[in-house]
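Just below is one structure, and these are the notes that go with it.
A quick note: this is a predicted structure, and the numbers were derived from the prediction, not measured. One-based numbering, in listed order, for ligands and for the atoms of each.
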Amino acid sequence: ETDPRLQRAVARMIPRLEQRTGIALSHVVASDSIGATLLIDCDGPGEKIQGIDEDESYSIESDSHSITLHAATTVGVIRGLETVLQLVDADAHHYFVPGVSINDVPRFRWRGLLIDVSRHFEPVSEVERTLDGMAAVKLNVLHWHLSDDQGIRVESRRYPRLQKLSSDSLYYTQAQVREVVAYARDRGIRVVPEFDMPGHSTAWFVAYPQYASAPGPYSIARNWSGSPAVFDPTRESVYRFINGFIGEMSTLFPDAYWHIGGDEVNATQWKQSARIQKFMAAHHLADNAALQAYFNQRLSRILISHHKRMIGWDEILHPDLPRTTVVQSWRGTQYLGQAAAQGFSGILSAPYYLDAMKAAEQHYLADPLAGDSTLTPDEISRVLGGEACMWAELVSQGSIDSRIWPRLAAIAERFWSPRSVTDVADMYRRLAIENARLEQFGLGQESHTDRYLRRIMNGPDIAPLSELLKLAEPVTLGQRTHTVTVTQLTPLVQIVDAARPDPPDRWRILQLVREYVSSPSTSVAQHDTLMHWFSEWRDLDPRVHDAAKRSPLAQAALPAADALASVGTIGLAALEARKSGMPLSKAWTDSAVVTLTAADKPQGLLHLVVVPAVRQLLQ
Ligand code: ACM
């Protein structure tokens, strides 16, 4: 008798293996091992509600006859099946799994992704696709940021004004929440809901202004400027409301943890309320942090009564909270250590903000527990892991895949694999393969740019823009919002939205330059390829200008195209000088450095990713 969840995992795996190989396979799972080519040996189903101590380990033995996958739990089998699929290799005539002996276990127990569906909503289909990708890279927590100033995204039967007034009709029904939670569980993924309070909470007060710290009315926030609306910690009615809400929601979200947010509290309303100031004095609450700590302790007691453990952003760190509380560090790695030192468990997010538009390499080399960590063994045991964060101020349903993937696969490896696994070149080699594999779930990162460009150009003639966006990435949230006004109502269909973070050619070109510079005389192929690249950059500019004549949206590509042409011209001259042995004049080099520095700054809303490579060539 097997666990139905295990059967479903196998049933999902077989078609994927068929699609990879073109070989029709038996869909009938035999209950004995006679003649089996893939033998799955699972000791038991694992925890009824997956928790942080779930056993995810597995082992794989393969020889010329068969593969044996053993795990203590169904979740371990789910992890192992992903590895089996990754092991499938091919030569000219055969698909095969190489002979291996693998004993695998995750380094960290909490390996998550946050998706923010408040700033921009994501439908269930997108959430489920994301869960498919997460399972493929062995992540185990979906942190669902379901409320913020810009919307509350879950249906409440007890407080239906929430979805009526605070959601723009974009919310998950309770049936949909159950579906997503079950879908995640089938893939060995926990779902931790976040309902952010006391700040980031404007949307609640559109429906229920009486729980805010200042009289309403309130409207849904459309910008990202940090609304002053904040829950009133001094009113008993607020705690009754929150208790009612959590009581209702806790039946939808079975996970042991409940995320209260707690970040970036704007205390303006607290300071301006004579009543709240009087309450603080009466309760000896010295400052706003103390008032928030009071609120959190009340929240913590409510959560305990609903059998939930509290997790919150690092601002919640306070000695009076129960030590079952988990602190999520977003402002810096140091808060993880502070939490651990005070006896709290913690997870790290600060280096894993996907909206920061960093290269996969930077995320990959940021370790939740760096080798030089000064934490004691006891403190280290309280570091549960990490979470990548996909904040959605500038991310919509159409673009979210392109922002999450493929960089998340590199972060997932950081959370799973030993600290010593840090070969960036090998990471990028494998990331490209994994990125292609992720497309099997319908994830759109690879098709994203051209799809957006076809819309921008209203047809298939996108070549110049497509070539440009292989070399340029979006600027960061801060750079964009300081340059233009962009609200929740702005269509995210610009050239910058078509661009992808860390386009693969950045790394390719950097490697070419490194190889060439290390040995110019023997690097003829690298020289010729770089020549070709740089000429293309120079010649791309008039073609982009031509395209922009047919599309107002395409005008935004011009500054980057112009800058790229100057970078290409400098690259050609540097290459020529190296080859001929004729040094460039100091005046020319100085001026080239100035040009490169300028080209490395935002060009409109794009950032060229190739300048460091050309700078290396010039040096
Ligand atoms: C956060 O980024 N405010 C958690």
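Legend: ring-ring contact (aromatic ring centres under 6.0 Å, His included) pairs involving residues 113-134, not counting sequence neighbours, sorted by first then second residue: Phe121-Tyr172.
Checked against a 6.0 Å centroid threshold, the rings of His306 and Trp258 do not count as neighbours. Between Tyr257 and Trp110, a ring centre-to-centre spacing shorter than 6.0 Å is recorded.
With respect to Arg222 and Asp168, a salt bridge is recorded, a charged nitrogen being found less than 4.0 Å from a carboxylate O.
One finds the CD atom of Glu56 at 4.5 Å from the CG atom of Asn140 (value rounded to the nearest 0.5 Å).
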Pairs of nitrogen or oxygen atoms, one from ligand 1 and one from the protein, closer than 3.5 Å: please tabulate them with distances.
{"unit_1": "ligand 1", "atom_1": "2 (O)", "unit_2": "Tyr353", "atom_2": "OH", "d": "2.6"}
{"unit_1": "ligand 1", "atom_1": "3 (N)", "unit_2": "Asp263", "atom_2": "OD2", "d": "2.7"}
{"unit_1": "ligand 1", "atom_1": "3 (N)", "unit_2": "Glu264", "atom_2": "OE1", "d": "2.9"}

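In summary, of the residues considered (Arg157, Gln174, Arg158), a side-chain hydrogen bond (donor to acceptor under 3.5 Å, both in side chains) with Glu248 occurs for Gln174 alone.
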